[in-house]
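Report on the structure given below.
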Amino acid sequence: MTSRAKVIAFANQKGGVAKTTTTLNLAAAFAEEGHRVLCVDMDPQGNLTMSQGIDPDSLERSMFDVLVHDLPIREVIRSREIDVACASIDLAGAELAMSMKIGRERSLQKALRAVEGDYDFICIDTPPSLGLLTINALTAAHKVIVPVQCEYLSMRGLIQLQNTLSMIRENLNPDVDIEGILPTLVDTRTIHAKEAIEILEENFGDRVFASRIKKTVRFAEAPVRGMSVLKYDPDGMAAQSYRDLAKEVLSNGQR
Ligand SMILES: Nc1ncnc2c1ncn2[C@@H]1O[C@H](COP(=O)(O)OP(=O)(O)OP(=O)(O)O)[C@@H](O)[C@H]1O
Ligand SMILES: [Mg+2]
């Protein structure tokens, strides 16, 4: 029997909390450990695609065609540091185009079946909303990693995400669960950040990862070069923080 990939969705309907950064860099850290990794870009912004140096405007076919026209996902995968199933702005029309489709919430899950034997991990980046693209990701996933920026307002959004996950469990994917909540963009100099992490831990206990991702300009610099932070600055603490996160996820083991 061939083994199947562990599928992890990275979700938070709040924008700019490091979903894409976490998807790419955790994926790169898995790859460093010798795992076979596919990243799926489910965001019309195409940030994940771009951060591996691929121009979304140059793509003839993308995740739009996979989701809407059942194009085999292999046809939109490009090999870089990790494999990327690419997205471009046309994905913005996918929610409407899929709305007439029977099984519209399962398009991604279905597409991934063809490649789940080829990878150890499939990491899905989602847009900052809880629409049909994110629902497809949560339906295809075994686990969800939730990056949160450590400030009070972000905490409210977590409740909303949990409600969506309950609905997904009831109707579409009974076993999906949160792998962990990841504090990102942590500014260790501020009391506010410390307090926000404390509140997070009070409310979500050991669901909060021990790893924390600190604020550093390396994360903005790396995508401009089309690289993960692990490749751009391999010895830096930014890279190390995602290696630590990878160890934490790998040691959690079972799906
Ligand atoms: N730890 C960090 N320190 C400093 N900047 C960071 C860090 N992580 C991410 N960034 C930067 O913050 C911005 C937002 O990150 P990212 O694009 O990963 O968030 P996102 O949640 O995917 O956003 P969106 O909701 O728009 O998809 C980017 O410019 C990124 O380079
Ligand atoms: Mg993003």
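What's counted below: heavy atoms across the whole structure, side chains too, no hydrogens, waters or symmetry copies. Both ligands and their constituent atoms are indexed starting at 1 by order of listing. Predicted model only: the values in this text are computed from it and were never measured.
For ligand 1, the atoms sitting less than 4.0 Å from at least one non-hydrogen atom of V17 are 19 (O), 20 (P), 21 (O), numbered in the order shown with element in parentheses. Residue G15 approaches ligand 1 through these ligand atoms, each under 4.0 Å from one of its heavy atoms: 25 (O). Distances below 4.0 Å separate heavy atoms of D43 from the following atoms of ligand 1: 27 (O). Within ligand 1, the atoms closer than 4.0 Å to a non-hydrogen atom of Q45 are 24 (P), 26 (O), 27 (O), numbered from 1 in the order shown. Contact atoms of ligand 1 toward K214: 1 (N), 2 (C), 3 (N) (distance under 4.0 Å to a heavy atom of the residue).
Each of F219, Y232, F209 was scored for a ring-ring contact (aromatic ring centres under 6.0 Å, His included) with Y242, with one residue passing: F219. Here the options are N47, T49, T22, T20, the test is side chain to side chain donor-acceptor pair (under 3.5 Å), and the partner is D125; only T20 passes.
Salt-bridge check for E116 with R113: failed, with every basic side-chain N at 4.0 Å or more from each acidic carboxylate O. We find that D177 and R207 are joined by a salt bridge, their nearest charged nitrogen and carboxylate oxygen being less than 4.0 Å apart. Using a 4.0 Å cut-off between charged side-chain N and carboxylate O, E81 and R225 make no salt bridge.
Using a non-hydrogen distance threshold of 4.0 Å, I213 registers as a contact of ligand 1. At a 4.0 Å cut-off, not a single heavy atom of R218 sits close enough to ligand 1 to count as contact.
An N or O contact shorter than 3.5 Å is missing between V217 and ligand 1 by distance. Any N or O atom pair closer than 3.5 Å counts here, and D125 shares no such pair with ligand 1. The shortest N or O to N or O distance between P223 and ligand 1 is not under 3.5 Å. Residue contacts with ligand 1: K19 is placed with a nitrogen or oxygen under 3.5 Å of a nitrogen or oxygen of the ligand (distance criterion only).
For NZ of K194, the number of neighbouring non-hydrogen atoms (other residues, nucleotides, ligands) closer than 6.0 Å is 12 at most.
The line from CG of L59 to SG of C86 is 5.0 Å long, rounded to the nearest 0.5 Å. The CD1 atom of I77 sits 10.5 Å away from atom CD1 of I82, with the distance rounded to the nearest 0.5 Å. In this structure, D41 CG and S51 OG are separated by 8.0 Å, a value rounded to the nearest 0.5 Å.
The protein non-hydrogen atom at the shortest distance from atom 15 (O) of ligand 1 is T21 OG1, 3.7 Å. Of the protein's non-hydrogen atoms, the one nearest atom 31 (O) of ligand 1 is F219 O, 3.0 Å. Nearest to atom 19 (O) of ligand 1 among the protein's heavy atoms is A18 N, 3.0 Å. Looking at atom 23 (O) of ligand 1, its nearest protein heavy atom turns out to be G16 N, 3.1 Å.
For atom 11 (C) of ligand 1, the nearest protein heavy atom lies 4.0 Å or farther away. For atom 4 (C) of ligand 1, a protein heavy-atom neighbour is found at a distance under 4.0 Å. Counting only heavy atoms, the protein never gets under 4.0 Å from atom 28 (C) of ligand 1.
Aromatic ring centres of F64 and H69: separated by under 6.0 Å.
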- Tell me, with the steps shown, if R74 and D118 meet salt bridge (charged side-chain N to carboxylate O under 4.0 Å, His left out). CA-CA 11 Å; R74 273 204 186 86; D118 300 349; 2.7 Å; yes
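Using a distance-only test at 3.5 Å, with no hydrogens or angles considered, no donor-acceptor pair links the side chain of E105 to the main chain of I135.
In this structure, V249 and I145 have side chains that are in contact, with non-hydrogen atoms separated by less than 4.5 Å. Looking only at side-chain heavy atoms (C-beta outward), I197 and E201 come within less than 4.5 Å of each other.
The closest heavy-atom contact to atom 17 (O) of ligand 1, among the options N12, T20, V229, comes from T20.
Side chains of D244 and Q240: a donor-acceptor N/O pair is present below 3.5 angstrom, by distance only.
Protein-derived N/O/S atoms nearer than 2.8 Å to the Mg ion (ligand 2) total 1, waters excluded.
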